[in-house]
A.B. asks: 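Here you go, one structure.
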Amino acid sequence: FFFQAEDGIRDHCVTGVQTCALPICRLRQGNHPDLLWVEPTYSHQGKLVPASQAEAEGVNRRTPPQLRLEQIREISRFLARRPVEARGAMVVLEAAEAMAEAAANALLKTLEEPGYGLLILISAAPDQLLTTIRSRCQQIPFRSEEHTSELQSHSDLVCRLLLEKK
């Protein structure tokens, strides 16, 4: 799925996916074995620092964060393994428009053969993604805060289908 959300609505998409059928505390802690949440990172002192943790770690944020090739390779490995608790795995790529070119090209193969799971791309700027990536996803636009209930129903459906017990 490709959740297209205007800039101010993207946070609602993130929240909607986070509050799906799984216990909320497990999602917020990043503690579900069949969920991989991927966000843009900064490269800092030889390691990748998620954008959400950059300020706390004192990362220089002059350049924008990116989704990197290493992260896409991690997604491919994650989806290649069998799910632990659920019927399938789920990967969420937050701010998909921040994908580096090499990462975007690597993602194409994963989208064609997603293994045992589902990918959800969230983006406020879908026109910045490769056309071939957009064409391989079911696009779900969210254009105003009025659509948050619609987002919640989509999120609940996705989570029920994939992350319920085997």
Side-chain angles (χ1 to χ4, degrees), residues 1-18 20 27-84 86 88-142 151 154-155 158-159 162-163:
F1 292 99
F2 179 34
F3 290 1
Q4 301 174 31
E6 293 175 353
D7 207 19
I9 306 303
R10 187 172 70 198
D11 290 341
H12 290 289
C13 285
V14 171
T15 302
V17 174
Q18 286 177 335
C20 68
L27 280 176
R28 288 192 177 139
Q29 294 170 356
N31 190 3
H32 196 284
D34 298 318
L35 172 69
L36 178 62
W37 197 280
V38 182
E39 67 177 289
T41 59
Y42 292 95
S43 182
H44 180 68
Q45 297 177 347
K47 67 176 187 170
L48 298 181
V49 178
S52 62
Q53 299 171 10
E55 187 173 339
E57 293 197 25
V59 173
N60 178 348
R61 296 177 293 167
R62 277 185 260 166
T63 61
Q66 291 186 329
L67 289 166
R68 300 170 191 279
L69 180 58
E70 304 94 291
Q71 293 173 284
I72 302 304
R73 288 180 177 153
E74 178 185 358
I75 289 169
S76 297
R77 287 189 298 271
F78 183 81
L79 291 173
R81 68 167 182 74
R82 291 206 178 270
V84 176
M90 182 166 68
V91 174
V92 178
L93 276 88
E94 188 176 339
E97 70 275 6
M99 205 172 318
E101 184 178 350
N105 288 324
L107 181 63
L108 287 171
K109 178 144 176 63
T110 303
L111 288 172
E112 290 171 2
E113 300 172 19
Y116 294 99
L118 175 77
L119 283 96
I120 296 177
L121 284 68
I122 301 174
S123 176
D127 55 322
Q128 292 180 15
L129 285 171
L130 294 176
T131 306
T132 49
I133 288 177
R134 292 193 315 262
S135 71
R136 285 174 173 78
C137 298
Q138 180 178 344
Q139 297 181 38
I140 303 172
F142 297 95
L151 167 66
H154 282 299
S155 300
V158 167
C159 291
L162 272 193
L163 296 176

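Positions are given from 1 along the sequence. The analysis underlying the following values was restricted to heavy atoms, covering all of them including side chains, and did not include hydrogens, waters or symmetry mates.
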A.B. asks: Taking atom OG of S135 and atom CZ of F2, what is their separation to the nearest 0.5 Å?
C.D. replies: 11.0 Å
A.B. asks: As a quick check of understanding, evaluate side chain to side chain contact (heavy atoms under 4.5 Å, CB included) for E57 and K47, giving each step before the final call.
C.D. replies: CA-CA 12 Å; E57 293 197 25; K47 67 176 187 170; 3.4 Å; yes
A.B. asks: Would you find a donor on one side and an acceptor on the other, under 3.5 Å apart, between the side chain of D34 and the backbone of V84?
C.D. replies: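 Confirmed, D34 side chain pairs with V84 backbone.
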A.B. asks: Taking C-beta and beyond as the side chain, do F78 and V91 meet within less than 4.5 Å on heavy atoms?
C.D. replies: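 A side-chain contact under 4.5 Å exists here.
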A.B. asks: Give the minimum heavy-atom separation between Q71 and E39, together with the two atoms involved.
C.D. replies: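 Minimum heavy-atom separation between Q71 and E39: NE2-O, 2.9 Å.
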A.B. asks: Write down the atom of P114, the atom of L79, and the distance for their closest heavy-atom approach.
C.D. replies: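 So the two residues come closest at O-CB, 3.3 Å.
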A.B. asks: Distance from N105 atom CG to L130 atom CG, nearest 0.5 Å?
C.D. replies: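 If we round to the nearest 0.5 Å, N105:CG and L130:CG are 6.0 Å apart.
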A.B. asks: Closest heavy-atom contact between E97 and I122?
C.D. replies: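 What the structure gives for the nearest pair is OE1-O, 4.1 Å.
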A.B. asks: Under a 4.5 Å cut-off applied to non-hydrogen side-chain atoms, are L119 and L93 in contact?
C.D. replies: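 Yes, close enough: below the 4.5 Å cut-off.
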A.B. asks: Let me confirm one number: the CD-CD distance from E101 to Q66, rounded to the nearest 0.5 Å.
C.D. replies: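 One gets 10.5 Å once the value is rounded to the nearest 0.5 Å.
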A.B. asks: Mind listing the closest non-hydrogen atom pair of L67 and P40 along with its distance?
C.D. replies: CD2-N, 3.6 Å
A.B. asks: Using modelled atom types and a 3.5 Å cut-off, is there a donor and acceptor pairing between side-chain atoms of S123 and backbone atoms of L129?
C.D. replies: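 It does not hold such a pair.
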A.B. asks: Applying side-chain contact (heavy atoms from CB on, under 4.5 Å), name anything that partners S43, two or more places apart in sequence or on another chain.
C.D. replies: L48, R68
A.B. asks: To the nearest 0.5 Å, what is the distance between CD1 on I72 and CG on L107?
C.D. replies: 5.0 Å
A.B. asks: Roughly how far, to the nearest 0.5 Å, is the CZ atom of R73 from the OG1 atom of T110?
C.D. replies: 10.5 Å
A.B. asks: Which heavy-atom pair separates N60 from Y42 by the least distance, and what is that distance?
C.D. replies: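 For N60 versus Y42, the nearest heavy atoms are O-CD2, 4.2 Å.
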A.B. asks: Answer whether the closest heavy-atom distance between the side chains of V92 and V38 falls below 4.5 Å.
C.D. replies: no
A.B. asks: Below 4.5 Å, heavy atoms only, C-beta onward: do E112 and R136 meet side chain to side chain?
C.D. replies: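 SC-SC contact between E112 and R136 confirmed.
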A.B. asks: Quick one: CD on Q138 to CG on L121, what's the gap to the nearest 0.5 Å?
C.D. replies: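 Q138 CD to L121 CG: 13.0 Å, rounded to 0.5 Å.
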A.B. asks: Between L69 and A102, what is the shortest heavy-atom contact and its length?
C.D. replies: CD1-O, 3.8 Å
